[in-house]
Amino acid sequence: MTGRSDISGLVDEIRRLAAERGAVILAHNYQRPEVQDVADFVGDSLGLSRQAAGTDAEVIVFAGVHFMAETAKILAPDKTVLMPEPAAGCPMADMITAEQAMAFKAEHPGVPLVTYVNSSAEVKAVSEVCCTSANAPEVVRSLGVERVLFAPDRNLAAWVAAQVPEVEIIPWDGFCPTHDRVQVEAVEEAAREHPDAEVLVHPECRPEVVALADAVLSTSGMLRHAVASDAEEFVVVTEEGLMHGLEKAAPGKRFFGVCPPMLCPSMKLTTLEKVCDCLLQMSGEVRVPDDVRARAHAAVERMIAIG
Ligand code: 13P
Ligand code: SF4
């Protein structure tokens with residue numbers, strides 16, 4: 001186990017190495033608290049993509065899961081993108097391959113494919129546009145069409161369909177194991193225990209869970225909402241790593257999870273030690289073949305331009 005003095009030693013070493021390497025450290029809102037705290041920027045998928053696209057740093061250390069680091073490489077091809085834990089994947093992203101995405105499109109000729117960023121570069125490369133949980137309805141609306149294919153998250157697809165009823169959404173059957181397993185009863189129980197709390201739900205949850213929400217938001221959307229809201233208490237239905245950011249952003253307010261706690265094992269694979277090793281050895285480089293990158297870039301760039 002890493003003790004408090006070890007942690008501060010590691011943090012100093014990471015900051016020293018980051019300065020020496022000209023590296024920026026990006027961390028997702030679900031990362032371990034100490035990894036979030038050492039990062040230059042902590043955010044949701046959309047915010048992290050924007051940071052990667054805009055950074056002046058030569059090296060991007062990405063504390064998150066593989067599709068996020070890959071998206072950074074797609075947007076910043078001349079930068080060196082490193083993952084402290086290259087084995088950290090997203091099970092939902094693995095639920096559709098490029099071959100399956102092409103077959104899906106072939107079944108629905110002429111219907112554009114909107115792909116959640118939680119997907120591989122190869123799948124993005126055969127998509128018309130990407131989206132994140134922060135902008136999915138806007139992206140679908142922006143296409144101005146009657147029907148879209150949506151992959152890989154069936155739950156996000158259902159939420160978008162409710163937000164944009166004028167467009168028919170044809171979903172792929174993927175899901176996030178961490179969010180999809182949350183039961184209605186667990187949210188109802190948390191809401192009963194904290195009757196004054198606002199219920200914040202991530203759109204990767206099932207529709208019947210989303211239906212219990214006061215607000216349906218991306219992870220950074222939840223952070224902004226908690227700060228701005230008049231409420232003092234919140235039931236937070238997303239991965240528990242967000243609690244750290246919520247408590248920092250809105251000190252004094254109270255945040256409650258559901259039972260059993262929501263944990264994404266992949267997000268927890270990255271540790272301070274691995275961040276330090278990766279900077280020391282410049283290891284865990286993420287590469288995307290040029291032809292895939294160019295096609296995936298068009299879909300990601302189109303999303304960033306929308307919002
Ligand atoms: P956000 O973009 O809302 O941070 O979500 C990413 C993710 O993987 C949620 O499970
Ligand atoms: Fe993927 Fe779910 Fe983990 Fe997000 S929480 S990275 S969607 S498995």
Side-chain angles (χ1 to χ4, degrees), residues 26-32 35-36 39 41-52 62-72 75 83 85-96 114-120 123-124 130-139 150-157 159-160 163 172-182 200-206 209-210 213 215-226 236-246 249 257-258 260-270 300 303-304 306-307:
L26 306 184
H28 186 262
N29 287 319
Y30 295 159
Q31 289 289 292
R32 294 169 183 266
V35 174
Q36 294 189 34
F41 181 83
V42 185
D44 64 1
S45 307
L46 185 61
L48 294 169
S49 298
R50 289 218 168 96
Q51 288 292 324
F62 211 113
V65 290
H66 193 259
F67 78 81
M68 297 178 175
E70 212 175 42
T71 305
L75 284 164
M83 276 191 85
E85 175 46 80
C90 166
M92 169 161 42
D94 295 338
M95 289 182 190
I96 187 165
V114 179
T115 297
Y116 193 25
V117 284
N118 298 39
S119 54
S120 68
V123 171
K124 289 181 176 77
C130 288
C131 70
T132 75
S133 58
N135 62 12
E138 290 78 8
V139 167
F150 194 100
D153 189 3
R154 64 182 183 215
N155 292 333
L156 181 62
W159 180 67
V160 173
Q163 304 309 299
W172 187 256
D173 196 22
F175 60 91
C176 162
T178 304
H179 288 80
D180 189 71
R181 72 165 66 94
V182 177
L200 311 182
V201 177
H202 196 279
E204 287 176 12
C205 294
R206 292 183 190 184
V209 169
V210 166
V216 181
L217 296 159
S218 77
T219 55
S220 289
M222 289 186 187
L223 283 163
R224 288 188 288 269
H225 182 91
V236 181
V237 191
T238 197
E239 211 273 349
E240 61 168 34
L242 187 67
M243 294 296 186
H244 179 66
L246 286 166
V258 290
M262 295 170 68
L263 203 102
C264 172
S266 305
M267 281 285 180
K268 304 305 180 217
L269 289 175
T270 304
V300 179
M303 164 188 90
I304 298 238
I306 292 163

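Whatever order the structure lists ligands and atoms in, that order sets their numbers, starting from 1.
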Enquirer: Just by modelled atom types, is the Phe175 backbone N or O under 3.5 Å from a matching donor or acceptor in the Asp153 side chain?
Expert: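 No.
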Enquirer: Sort by chain and number the protein N/O/S atoms that are closer than 2.8 Å to atom 2 (Fe) of ligand 2, and list them.
Expert: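 Sorted hits: Cys176 SG.
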Enquirer: Measure the OG1-CG distance between Thr71 and Asn118 for me, rounded to the nearest 0.5 Å.
Expert: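 Atom-to-atom, Thr71:OG1 and Asn118:CG are 8.5 Å apart.
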Enquirer: Nearest 0.5 Å, what's the SG-CE distance between Cys176 and Met95?
Expert: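 Between Cys176 SG and Met95 CE, I get 8.0 Å after rounding to 0.5 Å.
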Enquirer: If I apply the N/O under 3.5 Å rule, does Ser218 come out as touching ligand 1?
Expert: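 N/O-N/O distance below 3.5 Å does not exist for this pair.
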Enquirer: To check your reading of the model: name the closest protein heavy atom to atom 2 (O) of ligand 1, its residue, and the distance in Å.
Expert: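 Nearest protein contact, heavy atoms only, for atom 2 (O) of ligand 1 is Ser45 OG, 2.8 Å.
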Enquirer: For atom 7 (C) of ligand 1, what is the closest protein heavy atom, and at what distance to 0.1 Å?
Expert: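 Atom 7 (C) of ligand 1 sits closest to the protein heavy atom Glu204 OE2, 3.6 Å.
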Enquirer: Side chain or backbone, does Asp44 bring an N or O within less than 3.5 Å of an N or O on ligand 1?
Expert: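 Looking only at distances, the answer is no, because the N/O contact criterion of under 3.5 Å is not met.
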Enquirer: Would you say His28 contacts ligand 1, with heavy atoms under 4.0 Å as the rule?
Expert: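 Yes, His28 has a heavy atom closer than 4.0 Å to ligand 1.
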Enquirer: May I ask you to list the atoms of ligand 2 that are less than 4.0 angstrom from any heavy atom of Tyr30?
Expert: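 With Tyr30 as reference, the close atoms of ligand 2 come out as 5 (S).
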Enquirer: Please lay out, stage by stage, how Glu239 and Lys268 fare under the test salt bridge (charged side-chain N to carboxylate O under 4.0 Å, His left out).
Expert: CA-CA 11 Å; Glu239 211 273 349; Lys268 304 305 180 217; 3.1 Å; yes
Enquirer: Once you restrict to heavy atoms under 4.0 Å, what part of Thr132 touches ligand 1? Side chain, backbone, both or neither.
Expert: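 It is neither part, as no heavy atom is under 4.0 Å.
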Enquirer: Starting from the C-alpha separation in whole Å, work towards a yes-or-no answer on side-chain contact (heavy atoms from CB on, under 4.5 Å) for Thr178 and Glu204.
Expert: CA-CA 9 Å; Thr178 304; Glu204 287 176 12; over 6 Å; no
Enquirer: If we only count heavy atoms from C-beta on, is the His28 to Thr219 side-chain gap below 4.5 Å?
Expert: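 Result yes, sub-4.5 Å side-chain heavy-atom pair found.
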Enquirer: Rounded at 0.5 Å granularity, tell me how far OG1 in Thr238 sits from NE2 in His202.
Expert: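 The distance works out to 5.0 Å.
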Enquirer: Judged by modelled atom types alone, do Tyr116 and Ser45 share a side-chain donor-acceptor pair under 3.5 Å?
Expert: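 No.
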Enquirer: Compute the minimum heavy-atom distance from His179 to ligand 1 and say whether it is under 4.0 Å.
Expert: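 Within the 4.0 Å threshold, so yes.
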Enquirer: How does Asn118 reach ligand 1, by side chain, by backbone, by both or by neither, if only non-hydrogen atoms under 4.0 Å count?
Expert: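 The part of Asn118 near ligand 1 is the side chain, not the backbone.
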Enquirer: Within the 4.5 Å heavy-atom criterion, are Leu242 and Leu223 side-chain neighbours or not?
Expert: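 Result yes, sub-4.5 Å side-chain heavy-atom pair found.
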Enquirer: Which of the numbered atoms in ligand 1 are below 4.0 angstrom from a heavy atom of Ser133?
Expert: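 Near Ser133, meaning under 4.0 Å from one of its heavy atoms, ligand 1 has 1 (P), 2 (O), 3 (O).
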Enquirer: Does ligand 1 have any atom sitting under 4.0 Å from a heavy atom of Asn29?
Expert: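 False for this residue.
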Enquirer: Among all protein heavy atoms, pick out the one at the shortest distance from atom 5 (O) of ligand 1; state its residue, atom name and that distance to 0.1 Å.
Expert: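 Going atom by atom, the protein heavy atom closest to atom 5 (O) of ligand 1 ends up being His202 NE2, 3.4 Å.
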Enquirer: On a heavy-atom basis, which atom in Asn155 and which in Cys205 lie closest, and how many Å separate them?
Expert: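 Result for this residue pair: CB-O, 3.2 Å.
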Enquirer: Taking a cutoff of less than 4.0 Å between a non-hydrogen atom of the residue and any ligand atom, is Met267 in contact with ligand 1?
Expert: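 For ligand 1, residue contact (heavy atoms, under 4.0 Å) with Met267 is absent.
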Enquirer: Testing Val216, Val236, Val237 one by one against Met222 for a side-chain contact (heavy atoms from CB on, under 4.5 Å), which residue passes?
Expert: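 With Met222 as partner, Val216, Val236, Val237 yield a single side-chain contact (heavy atoms from CB on, under 4.5 Å), made by Val236.
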Enquirer: Within a distance under 4.0 Å of any heavy atom of Tyr30, pick out the atoms of ligand 1 and give their elements.
Expert: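 Result: 7 (C), 9 (C), 10 (O).
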Enquirer: Between Asp44 and Ser133, does the side-chain contact (heavy atoms from CB on, under 4.5 Å) criterion hold? Intermediate values first, please.
Expert: CA-CA 9 Å; Asp44 64 1; Ser133 58; 5.5 Å; no
Enquirer: Hey, does the side chain of Arg32 reach the backbone of Thr270 with a donor-acceptor pair shorter than 3.5 angstrom?
Expert: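 The answer is yes, because a donor-acceptor pair under 3.5 Å joins these two groups.
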